[in-house]
Every structure is written in C-alpha cells, then in structure tokens.
Participant: 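Just passing along the structure, written as structure tokens.
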2 protein chains.
Amino acid sequence: MTEWFVRPENKAADEMNTRRKQALAVLGAALDAVEPAQAIRRLMVRSDDTLWIDGRAYDLNRYRRVLVVGGGKAGASMAAAVETILGERIVAGAINVKYGYTEPTDIITVQEAGHPIPDENSVEGTRAMLDLLHDTTVDDLVLALISGGGSALMTLPVEGVTLADIQTLTQALLRSGAPIQAINAVRKHLSQVKGGQLARLAYPATVVALILSDVVGSPLDVIASGPTVPDTTTYAHAQAVIERYGVADTVPDAIWKHLMLGMSNGVAETPKPGDDELAEVYNVIVADNARGAEAAVRRAGKLGMNTLLLSTFIEGEAREVAQVLVGLAKEIMTHGRPVEPPACLVLGGETTVTVRGDGTGGRNQELALAAAITIQGLDRVLIASLATDGTDGPTDAAGGLVDGTTVERGAALGLSAVKALANNDAYPYLERTGDLLVTGPTNTNVNDIMAVFVFAP
Amino acid sequence: MTEWFVRPENKAADEMNTRRKQALAVLGAALDAVEPAQAIRRLMVRSDDTLWIDGRAYDLNRYRRVLVVGGGKAGASMAAAVETILGERIVAGAINVKYGYTEPTDIITVQEAGHPIPDENSVEGTRAMLDLLHDTTVDDLVLALISGGGSALMTLPVEGVTLADIQTLTQALLRSGAPIQAINAVRKHLSQVKGGQLARLAYPATVVALILSDVVGSPLDVIASGPTVPDTTTYAHAQAVIERYGVADTVPDAIWKHLMLGMSNGVAETPKPGDDELAEVYNVIVADNARGAEAAVRRAGKLGMNTLLLSTFIEGEAREVAQVLVGLAKEIMTHGRPVEPPACLVLGGETTVTVRGDGTGGRNQELALAAAITIQGLDRVLIASLATDGTDGPTDAAGGLVDGTTVERGAALGLSAVKALANNDAYPYLERTGDLLVTGPTNTNVNDIMAVFVFAP
C-alpha cells in the first residue's frame, strides 16, 4: 500500500472527511497497481525451473543463460525485482538509468546516464548491453527492462554519426513543427538499438521485454523508441520527414550520408513486422495507465461506488479538461448518468498546460484548481488529478484533490483561486488549502490518473 | 423529421458513406425531439374538456378563461402549437418574440421586440401581458410560454427605473467581472416580471409555464430570468453585488433608491420558494438539451450502436473539449470502454471559443475541426458537434461532422487544418471539405449536441 504523505494542513480535514479518505484509497490503489517491482512480482512467477511471465511458461532448464538489458527511469527498481525472482539464474545484466535513480542490485550492472539529453554514459552503458548480447545463442533468455526515458538512456548512434549530430537534427525538427512520430522515424534510423534493433541484436535468443509504459495509449513502438518492437517506418520515411519539414540544409553530413546509404540498401533496415529475427520476442506490458485506472475503478467499486472507466487517452489543456470533468460530475448529480451516486468516474492520460503566468504548479494541480473554481459550493463532488510519478511539474507534489469548499477555504486564507489559476500558480494555493496530493517519488510513471467522485446526498 | 440541407460537396460522400448517414440520423433525432411545436404536441394532450400537460390533468370546464403570455425566441412557434391544441378555448394571449421570429397565430398577439438589447416594444408587449393578467381569478388558466431570449424580450422595469438605467448598470457589472448569477440577482430586483413575478401577477389563477431551456443544465430560475419560478435572491443580495463588484459609483440614482426601498421593505420582495402565491404554478420543461441528447441516444441504439449519454453539462474551450472527445473515441477503439463498438457517446452543453484569429466559424465547427486534426487517419471514428438552433457562431452552418479523412481531404484541396484552427477559421475549411452541418433555422435552442461514433472494424 502506498504511503500517503499528507500535509499537516490536510490531516485534520482528512480525518474528518471520510469522502476524502475514500478518494485517497482509490488513487492509492492506482499507484499500487503500477509500482514496477510489485507489478513484476505479480506478472513473473517462478516455480522450480519454470518461469511464468504473463501466462507464458519459459523452461529455465532449456536456457543456458539468463541475461538482462534495458533502460529507463524505472530500470533499477525493475532490475531488483527481477533479481529477487531469478537470483543467480541471471548470469549478467546491464541497464541504464537516469542519474540518481539507482537502487542496489547484486548481479545486474546499473549505469547512470544523461536524461533527457543523452551523454557519453548513455552510449557506454548501451555498448555494455551490446557486449552482453553479441554471442547470444538460441539457448539464451534475454530479459529487456524498458521504461520511460529509455529512448535517451539507451543511445547508440549508427557508425559515423555523433550524439551532437542527432541533437542538432532533433532540435531543427522540433523547431520546424514536425510531429513526434516523424522525429522518431528519423531517430530510429540513426540508432543501433531503437526500432526493434536491440531485440535483433539478441537474435537467436528468446527475448522477453518487460515494458512500463509512460506513453498515453501504450503504443509499444513508441515507448523508449521501441527497442524490442518491429518498426513500420523506413529510411525513405526518415528522408521524407527531413525534406517535408524543410530541415535538409541543417542536417549534419554524417546523417545525410547514413540515410542515403540506408535508402540504397547499403545498411540494413530496422526490423519489420513479421521478421523472423523477432519471432521469439515477447513484449509484455508490466504496467501502464490502463492498469492503474482499472485498479482505481476496482477499489472504488469495493468501496460501494458505481464506477466507470471512461478513457485512458485523455489529453488537452488541463484547465479545460477540468471543465469537462465538472460537466460529468454535474450530470451524475442531476440525472444520475452515466452512473448513479455514489459514483466514481476514472480517466487517465496526460494533460498539458499553456504557461501564461509565472507561478508554480503542474498540470494535475492546475486541473484540480480549475475544477475547484467550477465546483465551488457543490457539496457532494470531489475531483482529483494525480501524476503517477509523484512529480507534477517542477514541484514536490503529485497533484490535487479538491472539493466544493476548496475555494471558500482559500478565500478564508485571503487567497484568490481565480488569480492563482490565471498565474499558473496552483501549488502554493493548494498547499495552503491543504488540497495537494503529495506522494514522494513513486519509482513509476504511467502518466496521470483523474477521478470524479459524486457522493450520495 | 428534420430536413438536412447537405452541401453539394458533402452529398457524394454521404451517399457513399453509411456511417455518416447514421450520424446524421442520430443528430436529426436530437433536433426533432427539441423542436418546440412538436415537443408541445407530445406534452399537451386534450381529450374533450380535459387538458393533460406533462401527465397532470386540467379540467377545462373548471376554468372560465385560458390566457397565454410569455416571451422568447421560440415564442411564436410555441404559441401556434398551443393554438392548435386549445383553439378557441384561448380567450386572449400576448407574447413577445425577437424581430423576424414571427409565425402566424389566430388569437395570441405576437409582439416583435428587441433582443439581446430590450427596446420600447419589449416593454409595451410586457405591459400587454400585465393587462391580460390584472383581473385574473381562481377560474383562469394561464399558459406562460418561456424560451431563450425571454429575459430581454419580457422587460418591464420597476417604477421610476428606465431601460437605460438597467443597461448602464449591467454594462458596469459585466466590466467588473461579476458572474452572471450576481448580475441576474440585481436585474430580478429591478423588474416587475422576472424572478417569479410574472406568475405572482397571475395569482390566483392556475399557471402552467411551458419552458424551452437554452441554459446548460436547465436551471428554471435562470432561463429567461425565471418569470414563473421562485427567486432565492433578495434586495440585500442585489445591494451586496453592487458593493462587492465596486460599481456603486456608477449606479443610476433611480436604481439606488429602488434597492434601498426594497431593503427597507418599502416594496415587495420577489416571490420566494414556498410562497402561497406560487402554489398553483407548474413549471414544465418542454424541451432542453437532455431531451435532445436522450433522443440521440435512443436513435443510435435503434441503429444498433452501444450508447452512453455522458453529460448534458459540457462546457469549456471548444478545441480542448475536442481533445477529450477524441480521448473517449480512442478508448473505445483500443479497449472497448466504456462501451464496445459500434458505439455512440452523446454529450450536451455549450462550449466556448477564445478568439485569437480573424477567421469565420463557430464553437461547434471549431470543435469539429480540432477533432478532425487529432483523429486524422483513424478510419472508424466520426465526431460531430451541432448547435441546435442551427446557427453556430456568425455563420449559416450549425456545426461540423468530421472523420479520419477530413484533414487529408482538406490537404488535397490545398487547405491546412492546423492553420485554419489557429485562425478560428473552421467555416471555410469544413465548407470546402464537405464536413459542415447545415440545418437552416430550427426554431429552437437547447445549446449544443456532441457525439462520438466509433464503428466496428
């Protein structure tokens, strides 16, 4: 069970208020469900020499070696969990994590590296993975631990291209307005590991990728640039992106040469769907936003609420998404639709904030503050928004949990909710009203969970 | 059945595309359900001398006279429907409608008047209503026909206060950022008819108000300023609003005197909940957004879709609400939640547009265009947004119906959806792609209906 580090101001209110406690329990269930070490322990079961992963059996007697590679912010915690289950059956391992994101491991080497900008440690650690994989045989089982940040952390440019070259091109593409899918098509073709190439390097070993999704909708080929997932883009696509977004002039020569070589089939394409080399690759979602949202819904149901999981694909400006959540709450209050009170609607995704002020906050806190303004005076509604990594924007809070008294309590302290929202200044406001959600680092990231609670009259 | 005046460009696509036809049928069902004359005919049944309204029986033998009063943009169409049912049982009637919104009536006098700014015709027509009501007895049945715009159209300031005085104060309050509820509290206390006072003038007659709601959530005391609905605000509230929003200096003397007189009980308060004088007043919603949304859901269900009415309280910036609708569509596509395809989610309410460009469009067209950009390439999704009055923004279109090919079709015509959205220029874009919804004037207004369709693969 996640421990909730509730601010002192919140404590009295929470103790008095069963409803807020129930809301916290629902959010806590979501966090518990997506904590990667726990999730791995639920997903991986070892019985003597059989390893079950997500319902598929792997006969450990058949495999000469178990190797572990991978990268991402949750890597260390995932590695420790895997070691707990497999112990000395793991022969060797190398993973890359963000600076400061280390946990103790016994066998697997944890390399700290640069994120979001890759550095030489990213490359060095990725080379260490390749060294592990270079003599794999059909008798090897490779576990790939993939989580958010893995794209920067597992970096190994193709021959002749430097990190700086890729950085230059990426910046130019971002400035040109190219969508992230287009940029990723290019980057996959400048990497030795992205776009299924890590899995191909492990061929003919069996590969099981344990994937913690930090991307809305959990598209496997996007999470950490899909190092174990077939790529549907080609060198021709990459070249077309560069031309379409008018950055041809700024493309470093080495990149240009490599893409041309790729188009003339001088170097191998990224693995494509159906390729034999990926036939023994199994991609398993360890946790994602949907798991968290489902757990929240289950917990709310156990607490006697009527529940509905509406979407795990919610995007949009935080304060406007808040208006839609309030619209849902009002319908439940007025017409008992789409479910009767006591009701809990759960939504997942990741909102955005267009910063116009100079305050402190994050998308989840801003959503909560905007909702608080609109539900002012409604006495049966709670609205919560939570960053599952525990870090909402550049703050030490994870989000907000507001009700119909939030704005009134703020006013009693001399605070204007409208002004705080206008200045993107939700953090100090919710801190003083006691409506912050504070979890500390959660070792996971499956985007945000939002919940609308409408209690019975 | 509503006739859909489909643009030529749209026709070929519609004929080819059963899905778009189904979507149009669903939207058409919503419009049919809220057409006021039809709605009145469904709600009012006369059987010999018994008049049934919304399940309650009124014995026409018991009433010496049937009188009709009221105001609003749908007034003439409602009056004609009432005449069809009651014919010469109506002794007299006086209603106010917006200039140009007249329809032929036999007995009821239709006065055209100013909207949204009231003029002398508004006052004159309202006086005619008072003349009809001044000698009512317990043997009279008064039908009040209330619809959107009724607040401006039924205007009669208290003694000594002029229309110009009220206009001056309203402008000052709007500039000061006062919320509409606060402004209405003031205006109800400067009127002889608002805030339940029209119904009190009819006392001791029986009053049945037939109300077409143009306000999100259908709060009876807000629609047309609630002329037949008890008022919960007081002279003290009105005075407090003026002080809180710092407009005391700009309040015309006559208004100041009247509010002071009211606070010292020198003039009667507006009728309050429980007042005997409103005991025989029955407020009946003829049509509102919920009726429209419910009809849409029923029609979708008959077409074999799995349906859910999510909310009739949707507000927020149109392009951001669009993102949430797309998030709902993606969940249905990916996880079959909250309902399995073929699915139709219906939402009602009224979005807003923050104008930053100088293009042509409306909130529904802008929502549709924003959705089109995000669903590009999704081949099973349709998203619609429809202004039920047939007039979306300053255009002759009612909204938009977009799919995963809209942006591609626009690009083939040399149009950029992203640029059109940035310039608030949805109308010409959707006109050229054939994705406009065009209904012509619908004689009704129950805000907007939005629908998300996800068809089976």
Side-chain angles (χ1 to χ4, degrees), chain A residues 177 179 181 216-219 288-290 293-294 297 307-339 345-352 354 367 370-371 373-378 416 418-419 422 450 452, chain B residues 177 179 181 216-219 288-290 293-294 297 307-339 345-352 354 367 370-371 373-378 416 418-419 422 450 452:
Chain A
Q181 299 92 318
V216 172
S218 301
D288 66 358
N289 189 271
E294 287 158 10
V297 159
T307 62
L308 208 55
L309 199 175
L310 280 185
S311 177
T312 55
F313 288 86
I314 297 298
E315 298 180 280
E317 184 74 19
R319 65 183 65 199
E320 304 298 332
V321 173
Q323 301 316 313
V324 176
L325 299 190
V326 173
L328 295 167
K330 286 180 177 171
E331 185 73 16
I332 296 170
M333 287 184 69
T334 310
H335 297 294
R337 288 188 293 225
V339 292
L345 304 183
V346 174
L347 303 94
E350 189 165 313
T351 61
T352 44
T354 306
L367 189 157
I373 292 169
T374 320
I375 62 173
Q376 188 180 358
L378 302 183
S416 162
V418 171
K419 280 184 191 157
M450 295 153 259
V452 176
Chain B
Q181 299 93 320
V216 172
S218 302
D288 66 357
N289 189 271
E294 287 157 8
V297 159
T307 62
L308 209 55
L309 199 173
L310 279 184
S311 176
T312 56
F313 289 86
I314 297 300
E315 298 181 279
E317 183 74 20
R319 65 185 65 200
E320 303 299 330
V321 174
Q323 301 316 312
V324 176
L325 299 190
V326 173
L328 295 167
K330 287 179 176 171
E331 186 72 16
I332 296 170
M333 285 185 69
T334 311
H335 297 296
R337 289 188 292 224
V339 291
L345 305 183
V346 175
L347 303 95
E350 190 166 310
T351 61
T352 45
T354 306
L367 189 156
I373 292 168
T374 319
I375 62 173
Q376 188 181 357
L378 301 183
S416 161
V418 171
K419 281 185 191 157
M450 295 153 260
V452 176

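Each chain gets a letter, A, B and so on, in the order the sequences are listed, and its residues count up from 1. What you see below is based on every heavy atom in this structure, not just the backbone, and it leaves out hydrogens, waters and symmetry mates.
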Participant: Does a side-chain heavy-atom distance below 4.5 Å link A:M450 with A:V321?
Facilitator: yes
Participant: Return the option, out of B:L347, B:L325, B:I314, B:V324, with the maximum number of heavy-atom pairs under 4.5 Å with chain A.
Facilitator: B:V324
Participant: Need one label for A:T312: side chain, backbone, both or neither, based on atoms under 4.5 Å from any heavy atom in chain B.
Facilitator: both
Participant: Using non-hydrogen atoms only, which part of B:L309 is less than 4.5 Å away from chain A: side chain, backbone, both, or neither?
Facilitator: both
Participant: Check whether any side-chain heavy atom of A:I332 sits under 4.5 Å from a side-chain heavy atom of A:L345, and report yes or no.
Facilitator: yes
Participant: Output all residues satisfying side-chain hydrogen bond (donor to acceptor under 3.5 Å, both in side chains) with A:Q323, sequence neighbours left out; order by chain, then residue number.
Facilitator: A:T374
Participant: For the interface with chain A, which of B:E315, B:H335, B:R337 has the highest count of heavy-atom pairs at distances below 4.5 Å?
Facilitator: B:R337
Participant: Side chain, backbone, both or neither: which part of A:L310 has a non-hydrogen atom closer than 4.5 Å to chain B?
Facilitator: both
Participant: Quick check on the interface: out of A:G327, A:A322, A:G217, A:G177, who has the most heavy-atom pairs with chain B under 4.5 Å?
Facilitator: A:G327
Participant: Who passes side-chain hydrogen bond (donor to acceptor under 3.5 Å, both in side chains) against A:E350, sequence neighbours left out?
Facilitator: A:N447
Participant: Distance only, no hydrogens: is a donor on one side chain within 3.5 Å (strictly under) of an acceptor on the other, for A:E317 and A:T351?
Facilitator: no
